[in-house]
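Side chains are part of it too, since the values below use all heavy atoms of this structure and drop only hydrogens, waters and symmetry mates. Counting starts at 1 for both ligands and their atoms, following the listed order.
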Amino acid sequence: MAEVKIYRTKYCPYCDMAERLFSSLGVTVQKIDVTNDPDERARLVKETGQRTVPQIFIDGQSIGGFSDANALHMRGELAKMLGQ
Ligand SMILES: N[C@@H](CCC(=O)N[C@@H](CS)C(=O)NCC(=O)O)C(=O)O
């Protein structure tokens with residue numbers, strides 16, 4: 001099973017939707033709350049080029065936010081990335 005990490009903030013509807021999406025696929029995700037961690041947020045911006053949360057990684061590879069993950073899911077590509 002692939003390792004999924006979701007960087008999120010405390011009050012974040014898109015983060016909640018991302019967690020629900022992976023949960024619906026039976027995947028346990030590692031949640032990293034960066035609400036009070038500006039250094040980690042800055043590192044994420046540098047790594048992903050995106051300023052929003054969630055930022056989702058599958059086996060260390062950035063796949064973007066919820067809408068990106070959902071688009072992969074709709075195209076049937078997310079399950080493959082998850083090794084399902
Ligand atoms: N298209 C993005 C939208 C994400 C988004 O707008 N997230 C909000 C929080 S729910 C955000 O990061 N707002 C800017 C901020 O908190 O700095 C996605 O689907 O992940």
Side-chain angles (χ1 to χ4, degrees):
M1 181 65 78
E3 179 194 73
V4 180
K5 285 186 185 176
I6 297 183
Y7 291 83
R8 63 163 299 152
T9 53
K10 215 172 275 305
Y11 303 105
C12 170
Y14 283 98
C15 304
D16 294 338
M17 288 193 284
E19 288 183 14
R20 276 200 296 274
L21 172 61
F22 285 97
S23 173
S24 76
L25 296 171
V27 177
T28 304
V29 305
Q30 191 181 335
K31 304 167 204 170
I32 301 120
D33 188 339
V34 295
T35 306
N36 298 311
D37 193 343
D39 289 346
E40 188 67 351
R41 282 200 83 165
R43 190 192 65 72
L44 279 174
V45 172
K46 206 170 168 187
E47 183 173 353
T48 66
Q50 298 185 43
R51 297 190 165 273
T52 54
V53 280
Q55 289 301 319
I56 305 166
F57 292 79
I58 298 178
D59 286 337
Q61 182 192 343
S62 168
I63 65 157
F66 165 72
S67 42
D68 302 300
N70 199 43
L72 287 167
H73 178 50
M74 292 300 173
R75 292 201 299 268
E77 292 171 25
L78 190 59
K80 273 182 251 162
M81 294 181 79
L82 294 167
Q84 293 182 330

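Distances between N or O atoms of Phe66 and those of ligand 1 include at least one value under 3.5 Å. Inclusion of Pro54 in the set of residues having an N or O under 3.5 Å from an N or O of ligand 1 is not warranted. On a distance-only criterion, Thr52 and ligand 1 share no N/O pair closer than 3.5 Å.
Considering Arg41, Arg8, Arg51 only, the shortest heavy-atom separation from atom 16 (O) of ligand 1 involves Arg41.
Contact atoms of ligand 1 toward Gly65: 20 (O) (distance under 4.0 Å to a heavy atom of the residue). Every atom of ligand 1 with a heavy atom of Cys12 under 4.0 Å away is listed here by number and element: 9 (C), 10 (S). Those atoms of ligand 1 with a heavy atom of Ser67 less than 4.0 angstrom away are 1 (N), 2 (C), 18 (C), 19 (O).
Aromatic ring orientation, Phe66 versus Tyr14: tilted (interplanar angle from 30° to 60°).
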Report task. Mind running side chain to side chain contact (heavy atoms under 4.5 Å, CB included) on Gln55 and Val45 for me, showing each step along the way? Result -> CA-CA 9 Å; Gln55 289 301 319; Val45 172; over 6 Å; no

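Expressed to the nearest 0.5 Å, how far CZ of Arg41 lies from OG1 of Thr52 amounts to 8.5 Å.
For atom 8 (C) of ligand 1, the nearest non-hydrogen atom of the protein is Val53 O, 3.7 Å.
Leu78 and Met1 end up in the same hydrophobic cluster when Ile, Leu, Val, Met, Phe, Trp and Tyr side chains are linked at under 4.5 Å. Cluster annotation: Leu44 and Ile6 are assigned to distinct hydrophobic clusters (Ile/Leu/Val/Met/Phe/Trp/Tyr, side-chain heavy-atom contacts under 4.5 Å, transitive).
Within the 4.0 Å heavy-atom criterion, both parts of Pro13, backbone and side chain, lie near ligand 1.
The main-chain N or O of Thr9 is never found under 3.5 Å from a side-chain atom of Asp33 such that the two would form a donor-acceptor pair.
Salt bridge annotation for Lys80-Glu77: absent, with no cationic side-chain nitrogen under 4.0 angstrom from a carboxylate oxygen.
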